[in-house]
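FYI, side chains are in, hydrogens and waters are out, and symmetry mates aren't considered; it's all heavy atoms of this structure. The shown structure was predicted, so the numbers you read here are calculated from the model rather than taken from an experiment.
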Amino acid sequence: MTKLMVLFFGTAVSYAQVETAQDSLMQKTVKLSEVVVEGEQKSDPVFSMVESEHSKKIVQPKNVADLFKDINGFALIKRGNYAIDPSFRASQYEQLNVQFNGGTKVMHACPNRMDPITTHVIPEEIERIEVVKGPYTFRYGATFGGVVNLVTHETDKGEKGYHGKVNFGDETNGNSITTLANVKYVHEDFDVNLNVGYRDFGNYEDGDGNEIPSSFKSTDYGIQVGFNPNEKQRFLAEFRQSYGRDVLHAGLPMDTDEDNSTVASLDYKWENANGVLRQISAKTYFSQVDHIMSNTDRPSFMRVDAVSTVDATTIGGRVELEWRPKENFKLFTGVDAFSVGREGQRVRSMKLNMNGDPLPMPMEFVDDVWQDSRIDDFGVFVEGKYPLAEKWLLNMGMRYDMVRSDINAPADDFVALYPEVGSRTENNISATASMKFMASPDVLFEFAYGRGVRSANMIERFINHFNVGQDPYEHVGNPFLDAEVNNQFELGVKAKKIFSDSFIDRVDYGASAYYSFYDNYIAPLIDESIQKKYMPMAPPQEVKRFTNVDEAYKTGFEVFGEIKFLEDFNLKTELAYVYTKNKDLDEALPLTPPLVTRFNFGYEREKLWARATYTLTSEQSDIASSFGEQVTDGYGLLDFRFGAKPFKHFTLGVAAMNIFDKTYNNHMNFSFVNQADFGRVPINDPGRSFSAFVQYSF
């Protein structure tokens, strides 16, 4: 029924199509929400990149995080098929400033991150991913490990008239389907864009044929309305909702019954070609996430029936002014605000006593998950770009953040542990300085230093005896944590060479190396002074408290090289490696990805493309033993994708993933928790899978 409804919707809309020729000379586009502009080397932050053309990957993304799978330097933290988080250079969660459309944030409600930001926007909506690889710009909020901006399709850049598309995808491993219907109307003065999507993923099988509990269903829709009062101004209003249902999390103790989110935002931009003040941009947004999880389908349900109902509310905004004191001097000043509040309870009904005997009447307990907490961040920033000489561009920036945290309903045992808990204010200073050197039109050198500061998040401050990590320990927050600081240095080069009289058309290559030393790194460590609260006799009996680590660092590099030859062929190699160290414990920092090398061989024309990818992941033996990590074996995977546009409005694609049906697990995968047929071992990734994709656009 879902397939038929989506296809019918697309067909019905296509009859309303109005094709109007667009005169590009008469249409001036006021650009919104761009952190990185392709081809603008003098405007972009150092060590930035853009990843686009996701439709050519063919394979159906489970959520937005899947789009990071093939981006050099990124890894995926998996707890199943739904709750997937991106990790970049061993920075994850709030260490990465993940947002979409230049500032909109959606904070998760679940303490186990069953509902990260990547689950609240349709993957097919994403036009490109913009990445700043370190704390090298502070215009888009406090930044510790880097900025990730997810940019949705910008309707006003299309041709005038009615347009749209309908696509359908199917994947054999899990019998999974994805659908999307889109319709938009573009006028000279306004534009409207509507998306509706549905995804139904089943349990997949690993290479040995074991079924992994990972199914989920999600329904999403969104609408964008843009208005251009004149050629200098643009307003954009966005509203989207997402509904996740029956989500199984193999690596978490509970499953998601419902995950509902609402996101609304309003953007404004004014551009002026002359004068000292060249541009004003403003954004305000609101997001609400309601999350219900339970253990109904878990072995622990025989002993205790647990249901958690939690929610998170996020509001924020920013105002930025772009100045030109001199023609070549760009100066950005602005203010922003970000506020997240969470509340919710877990209700447990005990059915059996400690000996396993049924109780005559179930005993009910209520646990406050978030203790009604809030964190507010008010920031002010200044950043300037100035050419020191014809080939040298200097960028400097500074940011001040006032971070206020508060807890309104602390539990008695939390107050006993922290008698002075309450409202707290922190003052953070971040700074960056970088240089670009254009040695020639084809060779660019980049040098950068960034000091990124991140105050503790709500889990690290206020969680109270909950299992929120990759290990089975109860975790206790610390409201008096110092903000962690990332002092990052980086050196890199990008180059290209174009050939005119050779079968080789072009060569692109580049590399970057970085070193970060951390101050006050935040990590959960065993604290023997705290007693376990729930099931105190079950191992492990120790409790972890979030603590500042005195000495920690990371270092690594990324390398890429691409050869384009015979007009339509390309060969690309990418390599990423990161090494981390927690000197206090003499071990690696948790969730450090292994060395990854990719080899891509592709063929691409306007209406036909194909790509074979071999990904070689090395063994990861540098582990964080205190976090329950295990040595992970290396593995190699071969994938193949093929796409074509056989007719004007149709796009077709097929793919074969993990062709050799390898049984493997990535080092970043969580372990099975509270599962009937699995011990606490890492979750295996999917075995061989075939995928098909069809899209009709008009």
Query raised in the report: Can Ser214 and Phe216 be said to form a side chain to side chain contact (heavy atoms under 4.5 Å, CB included), step by step?
Result: CA-CA 7 Å; Ser214 54; Phe216 70 90; over 6 Å; no

From the list His291, Arg342, Met114, side chain to side chain contact (heavy atoms under 4.5 Å, CB included) with Val310 holds only for His291

Correct closest heavy-atom pair for Ser434 and Val46 would be OG-CG1, 3.5 Å

* To do: Before accepting this row, confirm whether a basic side-chain N of the pair Arg545/Glu474 lies closer than 4.0 Å to the acidic partner's carboxylate O.
  => no

Smallest heavy-atom separation, Ser373 atom then Ile407 atom, equals OG-CG1, 3.8 Å

Tested for side-chain hydrogen bond (donor to acceptor under 3.5 Å, both in side chains) against Gln224, the lone hit among Glu154, Glu238, Arg240 is Glu238

The reported gap from CG in Leu525 to OG in Ser626 (rounded to nearest 0.5 angstrom) is 6.5 Å

Residues at least two apart in sequence or cross-chain that pass ring-ring contact (aromatic ring centres under 6.0 Å, His included) with Phe546, listed by chain then number, are His475

Handout entry: Donor-acceptor pair between Ser294 and Asp257 side chains, under 3.5 angstrom
Key = yes

The side-chain contact (heavy atoms from CB on, under 4.5 Å) partners of Thr432 (sequence neighbours excluded) come to Tyr136, Phe138, Asn395

By side-chain hydrogen bond (donor to acceptor under 3.5 Å, both in side chains), Asp290 pairs with (sequence neighbours left out) Gln288

In this structure, CG of Leu194 is separated from CD1 of Ile223 (nearest 0.5 Å) by 5.5 Å

Those residues at least two apart in sequence (or on a different chain) that pass ring-ring contact (aromatic ring centres under 6.0 Å, His included) with Phe414 are Tyr418

Check whether Asn149 reaches the backbone of Val131 with its side chain - one donor and one acceptor, N or O, closer than 3.5 Å. no

In this structure, CG of Leu150 is separated from CD1 of Ile117 (nearest 0.5 Å) by 6.5 Å

Any salt bridge linking Arg128 with Glu51? Criterion: basic side-chain nitrogen under 4.0 Å from a carboxylate oxygen. no

Asp259 side chain to Gly244 backbone, donor-acceptor under 3.5 Å
no

Polar side chain donor-acceptor pair, Tyr400 to Asn427, under 3.5 angstrom: yes

- Query: Going by distance alone, is a donor N or O of one side chain under 3.5 Å from an acceptor N or O of the other, for Gln345 and Asp368?
  - Reply: no

Is the backbone N or O of Asp220 less than 3.5 Å from a side-chain atom of Arg199, with the two atoms forming a donor-acceptor pair by type? no

Validation row: Pro593, His667 side chains within 4.5 angstrom (heavy atoms) = no

Asn295 side-chain N/O to Val304 backbone N/O, donor-acceptor pair under 3.5 Å:
yes

*asked:* Pairing donors with acceptors under 3.5 angstrom, does anything connect the side chains of Asp377 and Ser339?
replied: no

Looking only at the side chains, is there a donor atom on one of Asn101 and Lys283 sitting less than 3.5 Å from an acceptor on the other? no

Got a donor-acceptor contact below 3.5 angstrom from the Asp584 side chain to the Asp550 backbone? yes

**Message:** Looking only at side-chain N and O atoms, does Thr152 offer a donor or acceptor that is under 3.5 Å from a partner on Glu125?
**Reply:** no

I'd like to know if Asp527 pairs up with Lys544 as an ion pair, taking the criterion as any Lys NZ or Arg NE/NH1/NH2 lying under 4.0 Å from an Asp or Glu carboxylate oxygen. no

Item to check | CE (Met535) with more than 12 external heavy atoms under 6.0 Å | outcome: no

Kindly indicate whether a cation-pi arrangement holds for Arg139 with Phe332, taking the cut-offs as under 6.0 Å to the six-membered ring centre and within 45° of the axis. yes

Self-check item: Salt bridge Asp401-Arg399, side-chain N to carboxylate O under 4.0 Å
Solution: yes

Heavy atoms of Val132 and Pro45 approach each other most closely as CG2-CG, 3.9 Å

By salt bridge (charged side-chain N to carboxylate O under 4.0 Å, His left out), Glu542 pairs with (sequence neighbours left out) none

Residue pairs meeting salt bridge (Lys or Arg N to Asp or Glu O under 4.0 Å), one or both in residues 86-96, sequence neighbours left out, come to Arg89-Glu490, Arg89-Glu558, Glu94-Arg113

TODO: Could you tell me whether a side-chain N or O of Lys532 sits under 3.5 Å from a main-chain N or O of Pro540, the two making a donor and an acceptor?
DONE: yes

Applied to residues 94-128, the ring pair (Phe, Tyr, Trp, His ring centres under 6.0 Å) test, sequence neighbours excluded, yields none

Test your reading of the model: is there a side-chain donor-acceptor pair from Trp370 to the backbone of Ala109, 3.5 Å cut-off? yes

Residues at least two apart in sequence or cross-chain that pass side-chain hydrogen bond (donor to acceptor under 3.5 Å, both in side chains) with Asp367, listed by chain then number, are Arg346, Arg348, Tyr534

Is the cationic atom of Lys62 (NZ for Lys, CZ for Arg) positioned less than 6.0 Å from the six-membered ring centroid of Phe201 and within 45 degrees of its normal? no

Inset, instruction - Check the pair Val263, Thr104 against side chain to side chain contact (heavy atoms under 4.5 Å, CB included), reporting the backbone distance first and the verdict last. - result: CA-CA 9 Å; Val263 185; Thr104 302; 3.8 Å; yes

With sequence neighbours left out, the residues meeting ring-ring contact (aromatic ring centres under 6.0 Å, His included) with Phe235 are Tyr268

Tightest non-hydrogen contact, residues Lys105 and Ser287, listed as O-OG, 3.3 Å

Open item on the list: For Pro253, is there any backbone N or O sitting under 3.5 Å from a side-chain donor or acceptor partner on Asn674?
Closed with: yes

Compare all side-chain heavy atoms of Val335 with those of Phe381 and state whether any distance is below 4.5 angstrom.
-> no

Closest non-hydrogen contact found for Leu76 with Pro86 is CD2-CA, 4.4 Å

Next on the checklist: Between Arg461 and Ser405, is there a side-chain donor-acceptor contact under 3.5 Å, judged purely by atom types and distance?
Outcome noted: yes

inquiry  = Is it the case that the side chain of Asn520 and the backbone of Asp482 share a donor-acceptor pair, with hydrogens and angles ignored and the cut-off at 3.5 Å?
reply    = no

ring-ring contact (aromatic ring centres under 6.0 Å, His included) filter on Tyr449, not counting sequence neighbours, yields Phe489

Quick test of your reading of the model: are Arg424 and Asp406 salt-bridged, counting only N-O distances below 4.0 Å? no

Begin from the C-alpha positions of Phe74 and Phe68 and carry the test ring pair (Phe, Tyr, Trp, His ring centres under 6.0 Å) through to its verdict.
-> CA-CA 6 Å; Phe74 276 90; Phe68 294 89; 4.9 Å; yes

Next item on the list: Taking the side chain as every heavy atom from C-beta outward, state whether Ile429 and Val453 have any pair of such atoms under 4.5 Å apart.
Entry: no

By side-chain hydrogen bond (donor to acceptor under 3.5 Å, both in side chains), Asn582 pairs with (sequence neighbours left out) none

Residues passing the side-chain contact (heavy atoms from CB on, under 4.5 Å) test with Gln95, sequence neighbours excluded, are Ser91, Gln92, Phe144, Arg454, Glu484, Tyr521

Please check if the side chain of Gln99 supplies one atom and the backbone of Tyr140 the other of a donor-acceptor pair under 3.5 Å.
yes

